[in-house]
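Read through the structure below, which is laid out as structure tokens, and then see the notes.
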Amino acid sequence: MESFDYEVHEYRGGFSRTPIKSIREVPLTITLNGREVVTLLCTAKYPEYLAIGFLKSDAFISSPDQVTDLTVRDEGDRLLAEVETCHDPWEGRVMERSITSGCGKGTNFGRNVTTISKRRVEGDIKVTPEQILKLTNELHERSTLYNATRGCHNSSLCTPDEMLLFREDIGRHNAIDMICGQCFLDNVSVEDKMIVSTGRIASEILLKVVRIGVPIMVSTAVATSFSVELARKTGITLVGNVKKDSFWVYNDKGRITGF
């Protein structure tokens, strides 16, 4: 169940009882080799991909071959994702705590921005402005859970001609992680793909895209200054503030035709 029905009092010049839908929110605790990593709040959709995507984007794992077991259990008040690997993912890691741009206290482990910013994201993918607008419009059309609850973000993995994966969750981080996790586990090549998403492009979002290697990131919202600088350093084509017939190009790298 993705949402729950409630009755609230709505004010429109006066108060009246109104039925609404509220999006589901469930804690997902991820353990790695028996050690707790993090607890994410999510809709409980695709928990396997979300758990692996988080571990991949936070550099706990680098190859699908490292994952020896993955189990997700429903414990009633929460989900538990237990991941086992054949390597020591904790070796050399220093735990860091930060306040994320998602307005909550998060825990990041060994996220070395300096190292990541030295990466170069390659990919010969070409996309037209018309394709960017078309894919963004399709993202809105598929956003049935958002339309029902107004409580989630949406992300998609696309070619310039087609939307391949569509994921939605209460956090934009989770929606991106689910895509990263599926690409990682299913060995989906991403050099000729792009991510189209809702939500502000903050640095932690762009870092996830850099780690998975997708060369184009598009969002209906704007990008932070740190994300713009990271995109220009790593070679990601970054597009934001997409409206019905317009968008901003923060960084091109020759992938947008007619630019």
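As the structure is a computational prediction, the values presented were derived from the model and not from experiment.
- As a member of the Ile/Leu/Val/Met/Phe/Trp/Tyr network built from side-chain separations under 4.5 Å, I170 groups with I23, L41, L145.
- Residue N251 comes nearest to A231 through the heavy atom pair ND2-O, 3.2 Å, listed as atom of the first residue, atom of the second, then distance.
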side-chain contact (heavy atoms from CB on, under 4.5 Å), that's the test. Do V218 and M194 meet it? Break it down for me.
CA-CA 8 Å; V218 176; M194 54 194 290; 3.8 Å; yes

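- Using a 30° and 60° split on the angle between ring planes, W248 and Y250 fall in the perpendicular class, above 60°.
- The backbone N or O of F226 sits nowhere less than 3.5 Å from a side-chain atom of E229 that would complete a donor-acceptor pair.
- Two residues are said to be in side-chain contact when any heavy atoms from C-beta on lie closer than 4.5 Å; V37 and F54 meet this criterion.
- At a cut-off of 3.5 Å, with distance as the only test, no side-chain donor of H153 or E168 sits close to an acceptor on the other residue.
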Please lay out, stage by stage, how T29 and R78 fare under the test side chain to side chain donor-acceptor pair (under 3.5 Å).
CA-CA 8 Å; T29 297; R78 69 177 55 236; 2.7 Å; yes

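- N241 places no side-chain N or O within donor-acceptor distance of the main-chain N or O of F247, the cut-off being under 3.5 Å.
- Side chain of S156 to main chain of V196: a donor-acceptor pair is present (N/O by atom type, distance under 3.5 Å, no hydrogens or angles).
- Nearest heavy-atom pair across L206 and S227 is CD2-O, 3.1 Å.
- Residues P129 and T257 meet the side-chain proximity criterion, which asks for heavy atoms closer than 4.5 Å.
- Between the side chains of T224 and R200, no donor-acceptor pair of N or O atoms lies under 3.5 Å.
- Residues E82 and R73 are in side-chain contact: their nearest non-hydrogen atoms beyond the backbone lie under 4.5 Å apart.
- Between R255 and I216 the shortest heavy-atom distance is CD-CG1, 3.8 Å.
- Two residues are said to be in side-chain contact when any heavy atoms from C-beta on lie closer than 4.5 Å; L79 and P27 fail this criterion.
- For the 3.5 Å distance criterion, the side chains of K208 and S57 qualify, holding a donor opposite an acceptor.
- A 4.5 Å side-chain heavy-atom check between D69 and V83 finds every atom pair outside the cut-off.
- Of the possible polar contacts, none joining the T39 side chain to the L28 backbone as a donor-acceptor pair under 3.5 Å is found.
- Taking a cutoff of 4.0 Å between a charged side-chain nitrogen and a carboxylate oxygen, R24 and E2 do not qualify as a salt bridge.
- Residues M178 and K45 share a closest heavy-atom pair of SD-O, 3.2 Å.
- Inter-residue side-chain proximity for T43 and V26 is flagged as unmet; no heavy-atom pair is nearer than 4.5 Å.
- Defined by atom type and a distance below 3.5 Å, a donor-acceptor pair is missing between the side-chain atoms of N154 and S197.
- Residue pairs meeting the ring pair (Phe, Tyr, Trp, His ring centres under 6.0 Å) criterion with at least one partner in residues 13-40, sequence neighbours excluded, are Y11-F15.
- With a 4.5 Å cut-off on side-chain heavy atoms, L32 and T85 count as touching.
- Between the side chain of D58 and the main chain of F60, no donor-acceptor pair closer than 3.5 Å is present.
- For R12, the CZ atom is loosely surrounded, since the number of other residues' heavy atoms within 6.0 Å does not exceed 12.
- Donor-acceptor pairing under 3.5 Å is recorded for the side chains of Y49 and D186.
- Counting heavy atoms from C-beta outward, I195 and C158 have side chains that stay 4.5 Å or more apart.
- Taking 4.0 Å as the cut-off between side-chain N and carboxylate O, K193 and E191 do not count as a salt-bridged pair.
- For residues 136-163, the salt bridge (Lys or Arg N to Asp or Glu O under 4.0 Å) pairs, not counting sequence neighbours, are E138-R142.
- Within a 6.0 Å radius of NZ in K233, no more than 12 heavy atoms belonging to other residues, nucleotides or ligands are found.
- Following chains of ILVMFWY side-chain contacts shorter than 4.5 Å, one can reach V38 starting from F184, so the two form part of one hydrophobic cluster.
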